[in-house]
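Here is the structure we will look at.
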2 protein chains.
Amino acid sequence: MSGDRRNSTRQTKRIGVRDVARLAAVAPITVSRALSFPDSVAPATRQRIMEAVSSLGYIPNRVAGSLSSNQTRLIGAIIPTFQSSVATEFTGGMATVLRSRGYQLLLGGSNFSVEEEESLILEFLSRRADGIYLTGTTHTERASRMLRESRVPVVEVASLDGEPIDMLVGFSNADASFAMMRHLAGCGYRKVAFFSLPTKDNERQRGRIAGYRRGVETFGLDPDPALMAEVHMDLASATRSLGELLERRPDAEALFCGGDLLAIGALFECQRRGLRVPEDFGVAGFDDIDLAGFMQPGLTTVHLPHQMLGARAAELLLDRLAGKPVAGSVVDMGFEIVVRGSTRKVR
Amino acid sequence: MSGDRRNSTRQTKRIGVRDVARLAAVAPITVSRALSFPDSVAPATRQRIMEAVSSLGYIPNRVAGSLSSNQTRLIGAIIPTFQSSVATEFTGGMATVLRSRGYQLLLGGSNFSVEEEESLILEFLSRRADGIYLTGTTHTERASRMLRESRVPVVEVASLDGEPIDMLVGFSNADASFAMMRHLAGCGYRKVAFFSLPTKDNERQRGRIAGYRRGVETFGLDPDPALMAEVHMDLASATRSLGELLERRPDAEALFCGGDLLAIGALFECQRRGLRVPEDFGVAGFDDIDLAGFMQPGLTTVHLPHQMLGARAAELLLDRLAGKPVAGSVVDMGFEIVVRGSTRKVR
DNA sequence: ATGGATTATGGTACCGGTATCATATTGCCG
DNA sequence: CGGCAATATGATACCGGTACCATAATCCAT
C-alpha cells in the first residue's frame with residue numbers, strides 16, 4: 001500500500017530526482033545541484049549522476065523547480081500584432097538573447113488593445129514570469145498598477161518621452177519624424193502628406209505625428225489637415241488611402257508614412273497610377289523593413305535597429321534579474337534617416 | 001516563531017489561496033474551485049470569495065497550480081525563424097486560438113537547425129508544456145524519441161507525406177509544386193529554373209523540388225541542373241542568384257521559387273535589369289505572402305492559408321487535450337494556384 | 001417522514017523540485 | 001599532528017496550489 005499509484009490525471013509515474021538519486025546513490029538535493037550548478041558537486045559524483053540521468057531518461061520538471069526556487073526563467077512578451085515584421089523582429093532579437101541565457105519566451109499578441117494587453121499581463125503574472133516586455137508606454141491603469149505592485153522587472157520598447165513603468169528602450173519617435181521632415185523639406189517638397197497608423201493607445205504613432213507637425217511648422221510647409229490620414233496597417237488600406245488623398249489634394253507633392261508598409265503600398269499605387277517617384281511625388285517611410293531597400297525606387301525611411309532593440313531589451317531584463325539593480329533605466333537606441341530613391345536628391 | 005519569514009529569494013510574502021480563504025471564511029480548496037470552476041461553488045460563496053480575491057489583489061500562482069494539477073496550459077511552438085512572415089503568421093494563428101481557450105504560447109526559434117530544435121524540445125518538455133508544435137517532420141533521432149516517450153500531443157505543420165510523430169497539418173508540397181509547373185508549362189515556358197531555400201533538414205523544400213522535377217519530366221521541359229539553385233531566404237540572396245542564373249543560362253525563360261520572398265527578390269532584379277515580366281521572363285513563387293499580390297506585376301504563386309494552418313494545428317492540439325483521442329490525425333489543408341501578372345496568360 | 005441521491009464544502013496529502021541549515025570530509029598550516 | 005577553514009553531501013521542510021476522498025447539507029420521491 002505504499003507503492004500503489006492513484007494518479008488519475010497522470011500516466012505511469014514519471015522519473016523524478018528521487019529515482020535518479022537512488023540510482024546514483026546520492027541524495028535528491030545532490031542531483032538537483034549537479035544539474036543546476038555542476039561545479040558545486042565533485043566530478044566523480046557528478047558523472048555518476050549524469051549517467052543515472054541519461055540511463056533513466058530523466059527530464060527535470062521545471063514546474064516544480066520554479067515553484068520551489070521562486071523563479072521561472074520565463075519572460076513574458078506582448079506584441080501588438082504578429083502581422084508586423086517589426087514586431088516579430090523585435091521578438092526574434094529577444095528570443096535569441098533569452099535562450100542564450102537559459103530563459104524562455106512566453107509570447108502574446110494584444111491586437112493593439114490595452115484591454116487585451118491587461119489580460120495578458122495578468123496571465124503572465126499568474127505564471128510568475130521573471131520579467132515582462134511590453135510594446136509602448138500606454139497601458140490600462142490596472143495593468144500598470146499590477147505590474148508595479150508585482151515588482152517584476154518590466155521593459156517597455158517605446159518612445160523615450162513616455163513615462164516608463166520600470167525600464168525603457170527606444171528612441172524618440174517625434175525627433176525621428178521631425179528629422180525626416182527636414183529631409184523632405186530639403187528636397188523641396190512643400191505639400192507633404194502624412195499617413196499614420198491607428199493612434200488609439202499608441203503613443204509611438206502620436207510621437208511620429210507630432211514630429212510631422214513640428215516639421216510642417218518649422219519648415220513652413222502646407223499645414224492643411226486634409227493632408228493627414230489614419231490608415232490601417234496593411235497594403236490594401238495604404239493603396240486605398242493614397243487614392244483618397246489624391247482626390248482630396250491632387251496637388252500633394254510627397255507622402256510620409258508612419259510605417260514602411262504604408263509607404264510601400266503607396267509606392268505600388270504610384271506605379272499603378274503612373275505617378276513618377278520621386279519627381280512627381282516623393283514617398284518616405286518609417287522603420288526600414290527589409291523590403292524598403294529593395295523597392296524600385298528604394299524607399300527613403302527612418303532606419304531602426306529592430307533586432308537590436310529586442311536584444312537590448314532582453315539584456316536589460318536579464319541584467320536586472322542577475323542582480324544588477326539599475327532602477328528606471330532608459331536606453332536611447334537612436335535612429336537614422338536613410339535616403340533612397342523615393343525622395344528627390346537634395347542639391 | 002511561527003509568523004516569521006525567512007524568505008531570502010522571496011520578497012514580502014505574497015498573497016495566497018490560504019489568505020483569500022481565511023478572509024472569505026472558506027477552505028482553500030473552495031477558493032481554488034471558485035476560480036477554476038465557478039459553477040461548482042454556491043453563488044453566495046463564490047461572491048464572497050471573489051470579493052476577497054479582489055480586495056486582497058490576489059493573483060493565483062499558476063506554477064503551483066500546474067505542479068499540482070499536472071497541466072500547464074502551455075503549448076510550446078518551434079518555428080525555424082522569426083524573419084519569415086509565413087512562420088509568424090502561423091504563430092499568430094495559433095496564439096489566437098490558444099488564448100481563446102486559456103492556453104499560452106511558449107515560443108522558440110530553431111534557426112533551421114534540428115539540433116537547436118532538439119534542445120528547445122527538451123526545454124519545453126522540462127517545462128511540461130501540454131502540447132508541442134513543430135515545423136516539419138525532420139527532427140533528430142533523440143528529439144523524436146523524447147517526444148514519443150513523453151506522450152505529449154504533438155502537431156507538425158509540414159508536407160503530408162512525412163512520417164508524423166503524432167498529428168500533422170499541412171498539404172502536399174510536391175503536388176503544389178507540380179501544379180505550378182503545369183501552369184508554367186501551360187504558359188509556354190520551356191526552360192524553367194527553380195530556386196529552392198536551403199534543403200538541409202527541410203523536407204518541405206525537398207518536396208517542392210520533387211514537384212518541380214516531376215513537372216520538368218512530365219511536361220518535357222529543359223532538365224538542365226544548371227537551372228536549379230539553392231538560395232538563402234532573403235532578398236539580397238535572391239537578386240544575386242538571379243544574376244548568376246542568367247549568366248549560366250541567359251536563355252532561361254521562367255523562374256519558379258520555393259518561397260515568395262525569393263520570387264519577389266527576382267522580380268525586383270528583373271525590373272532593375274529591364275527584363276520584361278512576364279513576356280521575356282516568367283516568375284512564380286510559393287506561399288502567397290501579402291506582398292505577392294501587390295507587386296507590379298502581381299506574383300503568380302501557390303496560395304496557402306497560413307493563419308488557418310496555425311489555427312487548425314492549435315485546435316487539433318487542444319481537442320486532443322480536451323480528451324478527444326484522435327490518434328495520428330493528418331489534416332490536408334490544400335493549396336491553390338493563384339495566377340497573377342508575373343506569368344503569361346494561358347490561352 | 002425517511003432513505004438515497006445530489007450538491008456544497010472541507011481535511012489531508014501530495015505534486016517534484018530546491019532553500020536552508022547541518023554534518024561529514026578533506027585540506028592546509030604552523 | 002591538532003585545529004580550523006573550505007568543500008562535499010545530506011535531512012528536512014516547504015513552495016502554493018489541487019486531487020482525492022469524506023462529510024455535511026439539501027432535495028426529492030415514495
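The sequence lines fix the lettering, A, B, ..., with proteins before strands; numbering per chain opens at 1.
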task: Taking side chain to side chain contact (heavy atoms under 4.5 Å, CB included) as the test, write out the residues that go with T81(A), two or more places apart.
output: Q83(A), S84(A), F112(A), M233(A)
task: To the nearest 0.5 angstrom, please state how far the OH atom of Y133(B) sits from the CZ atom of F90(B).
output: 5.0 Å
- request: Please report the shortest heavy-atom distance between V330(A) and P164(A), naming the atom on each side.
  value: CG2-CG, 4.4 Å
task: Between R48(A) and R18(A), name the one whose nearest nucleotide on DNA chain D is closer to the 5' end.
output: R48(A)
- prompt: Which part of the nucleic acid does V63(B) contact within heavy-atom distance under 4.0 Å: base, sugar-phosphate only, or nothing?
  reply: nothing
field: Under the side chain to side chain donor-acceptor pair (under 3.5 Å) test, residues paired with R148(B) that sit two or more places apart
entry: none
message: Checking S40(B) now: which residues fulfil side chain to side chain donor-acceptor pair (under 3.5 Å) with it, not counting sequence neighbours?
response: none
- request: Decide, yes or no, whether a salt bridge links R101(B) with D319(B) under the criterion of side-chain N to carboxylate O below 4.0 Å.
  value: yes
Angle by which the axis turns from one end of the helix from dA1(C)-dT30(D) to dG30(C)-dC1(D) to the other, five pairs per end, to 10 degrees: 20°
Which donor-acceptor pairs under 3.5 Å do side chains of residues 23-30 of chain B form with protein atoms, sequence neighbours excluded?
none

field: Nucleic acid contacts - residues 118-126 of chain B versus DNA chain C, non-hydrogen atoms under 4.0 Å
entry: none
query: More than 12 non-hydrogen atoms from neighbouring residues, nucleotides or ligands closer than 6.0 Å to CE on M50(A), yes or no?
result: yes
- request: Only one of V31(A), L35(A), V41(A) passes side-chain contact (heavy atoms from CB on, under 4.5 Å) with R46(A); say which it is.
  value: V41(A)
- prompt: Between E117(B) and H139(B), does any side-chain donor sit less than 3.5 Å from a side-chain acceptor?
  reply: yes
- request: Could you identify which residues of residues 27-45 of chain A place a heavy atom less than 4.0 Å from some atom of DNA chain C, listed by residue number, or say none?
  value: I29(A), S32(A), S36(A)
query: Can R48(A) and E51(A) be counted as an ion pair, charged N to O under 4.0 angstrom?
result: no
task: May I ask you to check whether over 12 heavy atoms, not counting those of M333(B), lie within 6.0 Å of atom CE?
output: yes
Which atom pairs link the protein and nucleotides 4-7 of chain C when you take only N or O atoms and keep those under 3.5 Å?
none

task: Take R145(B) and T140(B) through the side-chain hydrogen bond (donor to acceptor under 3.5 Å, both in side chains) test and state the conclusion after the steps.
output: CA-CA 9 Å; R145(B) 185 165 33 79; T140(B) 64; over 6 Å; no
field: Distance in angstrom units between R73(A) CZ and dT18(C) C1', rounded
entry: 14 Å
Residues 55-65 of chain A side chain polar contacts: donor-acceptor under 3.5 Å, at least two apart:
residue : atom : partner : partner atom : Å
N61(A)  : OD1  : V63(A)  : N            : 2.8
N61(A)  : OD1  : A64(A)  : N            : 3.1
R62(A)  : NE   : E123(B) : OE2          : 3.0

query: How close or far is atom P of dC20(D) from atom CG of N70(B), stated in whole angstroms?
result: 11 Å
- prompt: Whole-Å distance between dG17(C) P and R22(A) CZ?
  reply: 12 Å
- prompt: Under the side chain to side chain donor-acceptor pair (under 3.5 Å) test, which residues partner R18(A), sequence neighbours left out?
  reply: none
- prompt: What pairs of residues pass the side chain to side chain donor-acceptor pair (under 3.5 Å) test when at least one of them lies in residues 102-111 of chain B, not counting sequence neighbours?
  reply: N111(B)-E116(B)
query: How long is the line joining CD of Q71(A) and P of dG17(C), in whole Å?
result: 16 Å
- prompt: Rounded to the Å, how far apart are L67(A) CG and dC14(C) C1'?
  reply: 12 Å
query: What are the residues of residues 53-60 of chain B, sorted by number, that bring a heavy atom to within less than 4.0 Å of DNA chain D?
result: Y58(B)
